[in-house]
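Below is one structure, written out as structure tokens; the observations come after it.
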Amino acid sequence: MLSVASGTSADGLDVTAVEVEPAADDLSVEVLDSASVGWPEGLADRLLAVLPPATTTAAELCALDNEVGRAIGAAAATAADRVEALTGRRPDLVVSPGQTVHHEVRDGVCLGTLQVGQPAWVVEATGLPVVSDLRARDVTAGGHGAPLVGRFDELWLRDLADRHGPVAALNLGGIANVSVLAPGRPLLAWDTGPANCLLDVAAARASGGALRCDLDGAMARRGKVSAPLLERLLAHPHFGATPPVSTGRETFSATWLDSVLTASGPVSSDDLLATLTELTARTVAAALEPFAVTEVVASGGGVRNPALWDALVRHLGPARVRPSDDLGLPAHAKEGVMWAVLGFLTWHGVAGASPATGAPVSRVLGRISPGDHPLRLPEPAAQGPGALRVSTRKVH
């Protein structure tokens, strides 16, 4: 099966092919292939342009829904051909969570979430059934619809936590999220705050648009942390919230950053990048501090930023910090694998959300768009899997 997803950074599509097989009471997941595909020219900028506090039109949202759907469909069709060449078999399902353009949280309650990427285009391009819109069902059940990675992390890391004490999974996308697993305790999973989203804004501005990120953390390494600016950034109320809690670029926006910069005074581009890097590391460490985790398993694009990685290691000590690659799951592919597993659970009638999102009950996620052939769902599973085993065959 395939997953095609774009995170809060909106920097392109992550396309992941996996083989998911039940093994006794567990799931065996083999990563077959993974690739990143850029958006068509100008589409990323248009996606970012509709994020709050900007205003937009129904016509633009309709256009984005269809253009994103076509881009996902094209990426999925190419990947399906590639998987067939690698394995001799065509994928049987595409999981497409779409691109989040709004996530409405007020007074700690998620009122709604909106993803664009019309799944009918994906069906048309591939002929395959598509699982999409995976967040909304959790929101209607009283959850935040994010982060949905908690169910995956619990299956994947529960055994590690039982053997070694409390562990955390950390994902560094546009927004940072963590899952905490401790022996004998319920899973906790929540968004800690910005990871790359503000760094990307600052890097793009500093480079006149030539860069979309602080490549290799070079700007942050040249700069120095501004204590007054960091103090103002840390005053955001999100950092005092307790889980369940979610957030997004509508909260940690370029407009919010500008308001803080106006209040704190001028700072060089390099110092701004250094301070924002410190902000991510400090807020992740503060979120995990009460749990005395022994290990942090990190994934996402932020793992490739040496300045951010060094700051995390410094602030999270004495916990061991290592990439998810060490456990057989490529750091850049984790979210893609997660979406594939959640789609697999939906396909088999198994709840994919965890109570960590705030919902009192776990629900089967998403909606299914039939492919070109009659839709034949498997018999619903009597119960969900107890654990997840991950291996990698070939990843690019």
Shared hydrophobic cluster, [X] / [Y] (ILVMFWY, side-chain heavy atoms < 4.5 Å):
X    : Y    : value
V139 : L134 : no
V149 : V105 : no
W156 : M1   : yes
F239 : V245 : no
L312 : V293 : yes

Nearest 0.5 Å, what's the [atom1]-[atom2] distance between [X] and [Y]?
X    : Y    : atom1 : atom2 : answer
Q118 : L64  : CD    : CG    : 13.0 Å
L365 : S132 : CG    : OG    : 11.5 Å
T126 : L93  : OG1   : CG    : 9.5 Å
D26  : L155 : CG    : CG    : 8.5 Å
S369 : E124 : OG    : CD    : 12.0 Å
L199 : L272 : CG    : CG    : 8.5 Å

Under 4.5 Å between any side-chain heavy atoms of [X] and [Y], yes or no?
X    : Y    : result
I368 : L377 : yes
P323 : W309 : yes
N66  : W121 : yes
H315 : E278 : yes
L342 : V95  : no
V178 : W190 : yes
V18  : F344 : no
R222 : L273 : no

Please check this pair: side chain of [X] against backbone of [Y], looking for a donor-acceptor N/O pair closer than 3.5 Å.
X    : Y    : answer
E250 : H103 : yes
D138 : A146 : no
S246 : D191 : no
D214 : A220 : yes
D271 : G223 : no
T346 : V364 : no
T275 : S226 : yes
T78  : A75  : no
T283 : T192 : no
Q99  : G7   : yes

Handout entry: Apart from V361 itself, residues in the same hydrophobic cluster as defined by side-chain heavy atoms under 4.5 Å
Key = none

Using 4.0 Å as the upper bound for N to carboxylate O, is an ion pair formed by [Y] and [X]?
X    : Y    : result
R205 : D258 : yes
D216 : R304 : no
R46  : E67  : yes
R212 : D45  : yes
D310 : R221 : yes
D153 : K334 : yes

[Y] versus [X], side-chain donor and acceptor atoms under 3.5 Å:
X    : Y    : answer
S299 : N171 : yes
T357 : H144 : no
T251 : H238 : no

Practice task
Just do the side chain to side chain contact (heavy atoms under 4.5 Å, CB included) check on L308 and T280 with the steps written out, would you?
Solution key: CA-CA 8 Å; L308 178 56; T280 294; 3.7 Å; yes

Which pair of non-hydrogen atoms, one from [X] and one from [Y], has the smallest distance, and what is that distance?
X    : Y    : result
A125 : A77  : O-CB, 3.7 Å
V122 : G69  : CG2-O, 3.9 Å
A381 : V350 : CB-CG2, 3.6 Å
L316 : A285 : CD2-CA, 3.7 Å
A5   : P97  : CB-CG, 3.6 Å
L2   : A80  : CD1-N, 3.8 Å

Handout entry: L211: partners by side-chain contact (heavy atoms from CB on, under 4.5 Å), with sequence neighbours left out
Key = S207, M219

Problem - The single option from D14, T16, L388 passing side-chain contact (heavy atoms from CB on, under 4.5 Å) against V337 - result: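 Checked D14, T16, L388 against V337; only one passes side-chain contact (heavy atoms from CB on, under 4.5 Å): T16.
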
Practice task
State which residue, out of V116, V101, L13, fulfils the side-chain contact (heavy atoms from CB on, under 4.5 Å) condition with V68.
Solution key: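 Only match with V68 under side-chain contact (heavy atoms from CB on, under 4.5 Å): V116.
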
Handout entry: Criterion side chain to side chain contact (heavy atoms under 4.5 Å, CB included) on R249 and V201, from CA distance to verdict
Key = CA-CA 11 Å; R249 292 186 77 131; V201 168; 3.9 Å; yes

Handout entry: Heavy atoms of other groups near D25 CG, more than 12 under 6.0 Å
Key = no

Practice task
If the plane angle is over 60° it's perpendicular, under 30° parallel, otherwise tilted; pick one for F252 and H236.
Solution key: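 Taking H236 first and then F252, their aromatic rings sit tilted (interplane angle of 30° to 60°).
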
Practice task
Might you work through the side chain to side chain contact (heavy atoms under 4.5 Å, CB included) test for T87 and E19, ending with a clear yes or no?
Solution key: CA-CA 10 Å; T87 67; E19 186 76 41; 6.0 Å; no

Pairs of donor and acceptor atoms involving the side chains of residues 157-165, under 3.5 Å and at least two apart or interchain, shall be tabulated with distances.
unit_1: R158; atom_1: NH1; unit_2: A182; atom_2: O; d: 2.9
unit_1: R158; atom_1: NH2; unit_2: E154; atom_2: OE2; d: 3.0
unit_1: R158; atom_1: NH2; unit_2: R185; atom_2: O; d: 3.3
unit_1: D159; atom_1: OD2; unit_2: R163; atom_2: NE; d: 2.9
unit_1: D159; atom_1: OD2; unit_2: R163; atom_2: NH2; d: 3.4

Practice task
Would you sort out whether L27 and L345 count as a side chain to side chain contact (heavy atoms under 4.5 Å, CB included), showing the intermediate values?
Solution key: CA-CA 10 Å; L27 286 181; L345 296 180; 4.3 Å; yes

